Amino acid sequence: MDLDQQPEPKQQIICSRSISHKVHDRVELRQAVSKYAERASEKLREQDGLTKTMIVFVHLMKKGHRWGKQRLVKLEAFTNDSRVIVNAAVKAADELFQEGEPHHKAGIILLELTQSRPEQLHLFTASQSAQSRKLMTSLDSINRRFGTDTMHLASRGITPSWTLARNMLSPSYTTRWTDLPHVIS
C-alpha cells in the first residue's frame, strides 16, 4: 500500500464554540462570529482551498428551551480572504441576533470547498485578487512566526468581554507545569 503523505482536503470546515456567558449584546455576538469566521478561513488557507458558500448559526435560550437559528450565505466569488468571509458572516449574525434573548453558542460552516489551484474562473464573476492572496499569505506567516492571534481583524474586538467556554478542557500534563498532578504523602 502506498503511504499518503498529504491527507485529502476537507469537504467542509466547521468552527464553533460555546460562549462562557450568555451574550445579550449584538456587538459581542458579532465579535464571536468574527473570531470563528477568521479561524475557519485560516483553516481553509491551510488546505489551500476556496469557498463560495457558508452557514452561520447561533444557539439561544428561549423560554427555557434551546433554539438554533442559521443563515445560508452565498459569496460572490470563490475566496479564502478572511475579510470577505468575516464581513458576510457578521452580516448574517446581525440577522440572526434576537434582542433580549441570551445567545450561548455561535459558529460557521464553510461549504462548497474547492482547491485554489487550478482555480475555475468565470467570465462574468469576479475572482479573488492577487493583492488579497498576498495579504492573507502575509497575515498567516506573521501569525505562524509570532504566535496565534498576533494579528487579526479588528472586528474581533481588542479586549472582548466574552470568552470561549472551556469547562471540559483536558489537562495539559506534558506542556503546562500547573496541570501536573500533585502527590501528597
Side-chain angles (χ1 to χ4, degrees), residues 9-10 12-60 69-99 103-117 119 125-166:
K10 297 176 183 174
Q12 63 183 8
I13 295 174
I14 302 171
C15 191
S16 91
R17 299 280 187 276
S18 293
I19 303 171
S20 62
H21 69 278
K22 306 296 185 243
V23 171
H24 292 78
D25 185 27
R26 183 183 303 267
V27 174
E28 289 181 334
L29 184 64
R30 283 181 186 160
Q31 290 174 348
V33 168
S34 176
K35 179 178 178 90
Y36 305 144
E38 190 172 1
R39 179 63 187 128
S41 57
E42 284 174 19
K43 289 180 179 182
L44 183 63
R45 288 191 299 275
E46 285 173 8
Q47 75 174 30
D48 200 26
L50 301 169
T51 187
K52 190 172 180 167
T53 307
M54 66 180 158
I55 295 173
V56 178
F57 63 90
V58 296
H59 292 183
L60 52 126
K69 296 177 69 180
Q70 64 184 19
R71 284 279 183 270
L72 179 70
V73 179
K74 291 275 197 182
L75 301 172
E76 291 182 20
F78 280 97
T79 187
N80 61 15
D81 189 332
S82 294
R83 299 169 302 167
V84 173
I85 293 171
V86 167
N87 189 30
V90 167
K91 285 179 184 175
D94 279 344
E95 294 173 13
L96 295 172
F97 180 77
Q98 288 192 350
E99 194 71 45
H103 299 72
H104 63 88
K105 186 173 185 173
I108 184 169
I109 304 171
L110 299 181
L111 304 168
E112 200 177 340
L113 304 183
T114 184
Q115 290 301 108
S116 65
R117 287 182 215 106
E119 182 180 354
T125 58
S127 63
Q128 187 172 346
S129 69
Q131 184 180 13
S132 168
R133 291 179 197 272
K134 286 179 184 176
L135 179 64
M136 292 300 112
T137 302
S138 298
L139 179 71
D140 291 339
S141 65
I142 289 170
N143 283 332
R144 268 192 305 276
R145 182 171 181 194
F146 298 107
T148 306
D149 293 338
T150 300
M151 287 186 68
H152 59 81
L153 299 179
S155 60
R156 285 176 42 181
I158 296 174
T159 54
S161 60
W162 62 274
T163 58
L164 303 176
R166 303 183 81 174

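Every value quoted in this text rests on a predicted model; they were computed, and no experiment measured them.
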Restricting to non-hydrogen atoms, name the atom on [X] and the atom on [Y] that form the minimum distance, rounded to 0.1 Å.
X      : Y      : value
Gly107 : Ser16  : CA-CB, 3.5 Å
His103 : Leu29  : CD2-CD2, 4.2 Å
Phe97  : His24  : CZ-O, 3.3 Å
Thr79  : Leu44  : O-CD2, 3.7 Å
Val33  : Ala93  : CG2-CB, 3.8 Å
Phe57  : Ile108 : CE2-N, 3.8 Å

Mutual orientation of the aromatic rings belonging to His59 and His104 [parallel < 30°, tilted 30-60°, perpendicular > 60°] |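 Perpendicular: the ring planes of His59 and His104 meet at over 60°.
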Student check: side-chain heavy atoms of [X] and [Y] closer than 4.5 Å:
X     : Y      : result
Thr53 : Leu72  : yes
Lys91 : Arg71  : no
Lys69 : Gln98  : yes
Arg83 : Leu135 : yes

Point-to-point distance, once rounded to the nearest 0.5 Å, from [atom1] of [X] to [atom2] of [Y]:
X      : Y      : atom1 : atom2 : value
Thr137 : Ile142 : OG1   : CD1   : 11.0 Å
Leu50  : Ser41  : CG    : OG    : 12.0 Å
Glu38  : Leu139 : CD    : CG    : 6.5 Å
Met54  : Glu112 : CE    : CD    : 12.0 Å
Gln12  : Leu113 : CD    : CG    : 8.0 Å
Leu60  : Lys105 : CG    : NZ    : 13.0 Å

Out of Asn80, Ile85, Ile109, Val84, which one pairs with Thr51 under the side chain to side chain contact (heavy atoms under 4.5 Å, CB included) rule?
->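 Single pass found, and it is Ile85.
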Is the side chain of Arg26 donor-acceptor paired with the backbone N or O of Asp94 at a distance under 3.5 Å, no angle test?
->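 Yes: the side chain of Arg26 pairs with the backbone of Asp94.
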Establish, from distance only, whether the side-chain atoms of Arg45 and Ser82 form a donor-acceptor pair under 3.5 Å.
->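 The answer is yes; a qualifying pair exists.
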Crowding at CD, Glu95 (>12 non-hydrogen neighbours, <6.0 Å) |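 Check passes, neighbour count above 12.
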Pairing of Arg39 and Glu46 as salt bridge, 4.0 angstrom limit =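 Salt bridge flag = yes for Glu46 with Arg39.
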